[in-house]
Q: 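The structure follows.
Just so you know, ligand 1 is whichever comes first in the structure, and atom 1 is the first atom listed for that ligand. Counting from 1, the numbers follow the sequence of the chain as shown. Source: prediction; values computed, not measured.
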Amino acid sequence: MCGIIAYTGHQQAAPILIDGLRRLEYRGYDSAGISVVSRKKVRTWKASGKIAVLESRLPESINANCGIGHTRWATHGAPTDENAHPHNSADETLTIVHNGIIENVDALKARLGDVEYQSETDSEVLAHLLSHTMDLNNCSLVDAMREVLTRIVGTYGIAAISSAESEKIILARSGSPVIIGIGEGEMLAASDMSALSRYTREVVHLDDGEVAELTPDGFAVTKLDASPADKSSMTLVNNLEDYDRGGYDHYLYREIVDQPDTVRRTISGRLDKRFNTAHLGGLNMDPRDLLQVQRIKILGCGSALYAGMSGASMIESLSRIPCDAEPAAEFRYRNPVIEANTLYIVVSQSGETFDTLAATREIQRKGGFVLGIVNSVGSTIAREVDGGIYMHAGPEVSVASTKAFTAMLSVFALLAILFGRARDVSPQRGAQLLKALEDAPDKIADVLALETHIASIANKHAKCHSAFFIGRTAAFTVALEGAQKLKEISYIHAEAYPASELKHGPLALVTSKTPCVVILPESELLEKSLGTLEEIKARSAPVIAVTDSDNSRIDKLADDVIRVPRSDELVQGMIMGVALQIYAYHSAVALGRDVDQPRNLAKSVTVE
Ligand code: F6R
């Protein structure tokens, strides 16, 4: 998704802007650009393609101490040089970068009248509106910004500079993150913490409807009516600066192999062995509140949704509280009934996913209580929810989620234990569940040790056009995420189906050319699932069984077996899921895909 970086201070701006853009690269982009104020003039360079192309167009030295930069992920208009940000006003005295979407762009253009647009973007209109307002009202850029924003319908994170105020950066936010970084004699801003952490650990999050003015010596934040906004800074905890590929070829690989540590971090300090339950400090719910909960609704997008589906099955089976998961966007658009005794849980790695945030606000507007399971500390969702549990997964850079997904499952396991122990689960069973969770990191390490075997299966099927992932009940949610991982990084068409649904349609597509990955946890439903395996075999499809059972029929029926360590059903999905991540990774590598930045995808989806 688009990224913003801005700098004003005692250092040369251009190298800092380019470095910032590189740190935003992981979010996904298709063009990039920077603007600086140099000798009282705005100067802009932009290019479609990678940041290296932009760099090749820059002069050897750019003498400027203030500037803005952008990585663009095309929404309005193709990824061309012209559509790349920054966008200048017609007289080139000011320039802007914009994340988000301006919905009333046609009305704004009609109002502006005769303007020669240089791009097909919705964003460019902002530069012209600002310049027009400054001329008309004879006002400063910040006054013009506040005035213009009252006319905008849509979402935005904006940074703007002008030749008239050569040290000043104006920022604005509504629905798209903007973070100010406080340095010594320098100030920065970015849409993502990762672009700031090299320069400062002290940050301030802008909230929706706020406008900020940065100068090298400080910042001032106001609301759209020009009244001052009260802001306080926070100190970054994670050292994003040290985070790299860890000597591996891809971030994704590092993030897969990091997972034993991820789970240890997520559960650390949260296992209450005295009462055989979980201890979750930020819930803002006491035991009486837990007892009031009659239903749980989990909301998220993509892999976070699939983690939510797994979580729903863990919580419901241990606590017997009805629990389900739904895509956040679908939920918010269907005018949902919000119930007083329903606990709403939103799940998000980035804490900035637009639809998940919008669902949170819709629930809160109707009086519902929302709990957040979030990785990114200080993110918008983390700040807006009524109670929260941080995942502590650490930074996740690869676009495809792996360790954050596993951390989400770990948090759901903790919640399931907590709600289970508040209701039906005995202390003895509670102790078993805690032990299962505590042992999960070692079992994940055992799965990682199967890499060569899993890679050989992945290589065998890498040329297939289509694959199926099959599971029953909780194993179906594992299948969903397995299919998601394979399709997003290898581009192999992959679909997940509940085993019971196969013969109601999808079986028509099962042939000798469609590998079927079947998730077979040891459970009372195993025999039934073996029946499904027979059905698939009868259509000559290659079968890859992922199982923790030693039932010998599996070995007879499957072409390949990935046997993971046996575990409690609470953590089975988490452990089997890692095998599917390795499968997807090696399929993508075999096909030479851009593993960390798959086509068309962005790390943090901050637009609708
Ligand atoms: C898939 C993936 C996405 C995200 C989804 C939600 O690998 O990464 O499907 O899970 O965009 O993102 P967050 O968790 O940041 O809300």
Side-chain angles (χ1 to χ4, degrees), residues 1 26-28 73 175-177 191-194 250-253 255-256 259 262 266 298-311 325-332 345-360 370 372-382 384-385 388-412 469 477-478 480-491 494 496 577-578 580-581 583-585 587-588 593-608:
M1 219 52 351
Y26 79 97
R27 296 164 60 95
W73 192 78
S176 192
S191 52
D192 188 315
M193 220 83 96
S194 59
H250 302 106
Y251 279 104
L252 189 76
Y253 188 82
E255 286 159 6
I256 290 174
Q259 291 179 108
T262 308
T266 305
I298 302 170
L299 301 160
C301 300
S303 293
L305 168 67
Y306 300 147
M309 291 169 81
S310 286
E326 189 177 334
E330 298 299 315
F331 177 80
R332 82 184 175 98
I345 303 181
V346 293
V347 198
S348 176
Q349 188 286 128
S350 60
E352 301 292 353
T353 299
F354 185 84
D355 285 318
T356 311
L357 176 60
T360 305
V370 186
I373 299 180
V374 176
N375 193 36
S376 188
V377 176
S379 56
T380 311
I381 295 176
E384 294 199 9
V385 286
I389 308 168
Y390 277 121
M391 296 174 202
H392 299 312
E396 186 180 70
V397 162
S398 190
V399 165
S401 188
T402 51
K403 67 174 179 176
F405 175 80
T406 300
M408 288 170 190
L409 296 189
S410 310
V411 172
F412 278 119
F469 286 70
T477 62
V478 180
L480 278 168
E481 176 60 8
Q484 162 97 329
K485 272 311 70 94
L486 186 64
K487 74 180 95 163
E488 67 185 330
I489 61 171
S490 75
Y491 316 152
V578 174
L580 301 183
Q581 293 169 353
Y583 182 83
Y585 174 77
S587 305
R593 305 300 191 216
D594 187 347
V595 173
D596 283 332
Q597 287 172 29
R599 70 182 177 205
N600 302 341
L601 298 180
K603 184 66 187 159
S604 170
V605 183
T606 49
V607 292
E608 211 173 330

Q: For the pair Gln349 (side chain) and Ala304 (backbone), establish whether a donor and an acceptor sit closer than 3.5 Å, ignoring hydrogens and angles.
A: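 Looks like no, no N/O pair under 3.5 Å.
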Q: When you measure from the side chain of Lys403 to the backbone of Glu255, do you find a donor-acceptor pair of N or O atoms at a distance under 3.5 Å?
A: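 Side chain of Lys403 to backbone of Glu255, a donor-acceptor pair under 3.5 Å: no, none is there.
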Q: List the protein residues in contact with ligand 1, where contact means a heavy-atom separation under 4.0 angstrom.
A: Cys301, Gly302, Ser303, Ala304, Ser348, Gln349, Ser350, Thr353, Val399, Ala400, Ser401, Met408, Gln484, Lys485, Glu488
Q: According to side-chain hydrogen bond (donor to acceptor under 3.5 Å, both in side chains), who are the partners of Tyr583, at least two apart in sequence or on a separate chain?
A: none
Q: How about Phe412 and Val347: do any of their side-chain heavy atoms sit closer than 4.5 Å?
A: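 They are in contact (side-chain heavy atoms under 4.5 Å apart), so the answer is yes.
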Q: With rounding to the nearest 0.5 Å, note down the distance linking CG in Asn375 to CD1 in Ile381.
A: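 Taking CG in Asn375 and CD1 in Ile381, the distance rounds to 12.0 Å.
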Q: Distance-only, no hydrogens or angles: does the Lys485 side chain make a donor-acceptor pair with backbone N or O of Ser490 under 3.5 Å?
A: no
